[in-house]
Amino acid sequence: MAAARLAILIATLILAGAAGAVTPIGAPGWRDLNAEQREILAPLAGDWNGMSEPHRQKWIGIADSYGRLTREEQERIRARMKAWADLQPEQRERARDQYRTLRNIPPDKREALPELWQRYRSIPPEARQSQHDRRDRRAEPRSPLRADDK
């Protein structure tokens, strides 16, 4: 239930930004934001003026819808915003790639993801690492030569 609510929240926030619920022409600089937006977006202050216009508009859309969220949802958004601000640029790009991949999963399979994720999280960390190691070994390129061809 919580995972479904979170998925709906994220989708709503993304759609709010995509729907143009923010400044129609250009995204304002940090000093141009109103006091409430600056307070909500404070974890992003250091990165704000270096962000692309679409990213700034997305965050402004989140700030503008922030007051309509429950306290729990607001706390979750702030924690995620801080986590996002703490990421290195390559980590952010990897997160965006993962989002794009998830967005392209058919809806019927996407509905099963929260349950699969919960199952994965219930696995002890050592077992998860073992699974990752096995997957990595399968992904390694193999030599086209067999041992007896050498």
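Count residues from 1 along the sequence. Hydrogens, waters and symmetry mates play no part in the numbers below; they use all other heavy atoms, side chains included.
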- Message: Which heavy atom of E73 sits nearest to which heavy atom of T70, and what is that distance?
- Response: OE1-N, 2.9 Å

- Rounded to the nearest 0.5 Å, what's the gap from CG on D47 to CH2 on W59? Could you check? 10.5 Å

- Message: With a 6.0 Å cut-off (strictly less than), is the heavy-atom count around CZ of R103, excluding the residue itself, greater than 12?
- Response: yes

- Query: Hey, is the main chain of A85 close enough, under 3.5 Å, to the side chain of R92 for a donor-acceptor pair?
  - Reply: yes

- Message: Strictly below 4.0 Å, N to O, side chains only: are R78 and E75 in salt-bridge contact?
- Response: no

- Note on the structure: Note: N49 and G29 closest approach over all heavy atoms is OD1-CA, 3.5 Å

- Tell me, yes or no, whether the heavy-atom count around Q91 atom CD, taken from other residues, nucleotides or ligands under 6.0 Å, exceeds 12. yes

- Message: Just verifying a value: how many Å separate D97 CG and R94 CZ, rounded to the nearest 0.5 Å?
- Response: 9.5 Å

- Of all heavy-atom pairs between L102 and R110, which one has the smallest distance, and what is that distance? O-NE, 3.6 Å

- Looking only at heavy atoms, which two atoms of Q74 and G67 are closest? And how far apart? NE2-CA, 3.9 Å

- CD/E90: more than 12 non-hydrogen atoms of other groups inside 6.0 Å: yes

- Item | Side chain S65, main chain G61, donor-acceptor under 3.5 Å | yes

- Task: Supply the atom-to-atom distance R76 CZ to R71 CZ, rounded to the nearest 0.5 angstrom.
- Result: 14.0 Å

- Which value, rounded to the nearest 0.5 Å, describes the distance between Y99 atom OH and N104 atom CG? 9.5 Å

- Note on the structure: Correct closest heavy-atom pair for A63 and I40 would be O-CD1, 3.6 Å

- From I60 CD1 over to E53 CD, what is the distance, rounded to the nearest 0.5 angstrom? 9.0 Å

- Message: Within the structure provided, determine whether K109 and L113 are in side-chain contact (heavy-atom separation under 4.5 Å).
- Response: no

- Query: Could you state the interatomic distance from CD1 (I105) to CD (E111), rounded to the nearest 0.5 Å?
  - Reply: 12.0 Å

- Under 6.0 Å from the CZ atom of R121, do we count more than 12 heavy atoms belonging to anything else shown? no

- Return each pair, listed once, that meets ring-ring contact (aromatic ring centres under 6.0 Å, His included) where at least one residue sits in residues 32-58; pairs must be two or more places apart or across chains. W30-W48

- Item | Side chains of L41 and M81 in contact at under 4.5 Å (non-hydrogen atoms) | yes

- E36, CD atom: more than 12 neighbouring heavy atoms under 6.0 Å: no

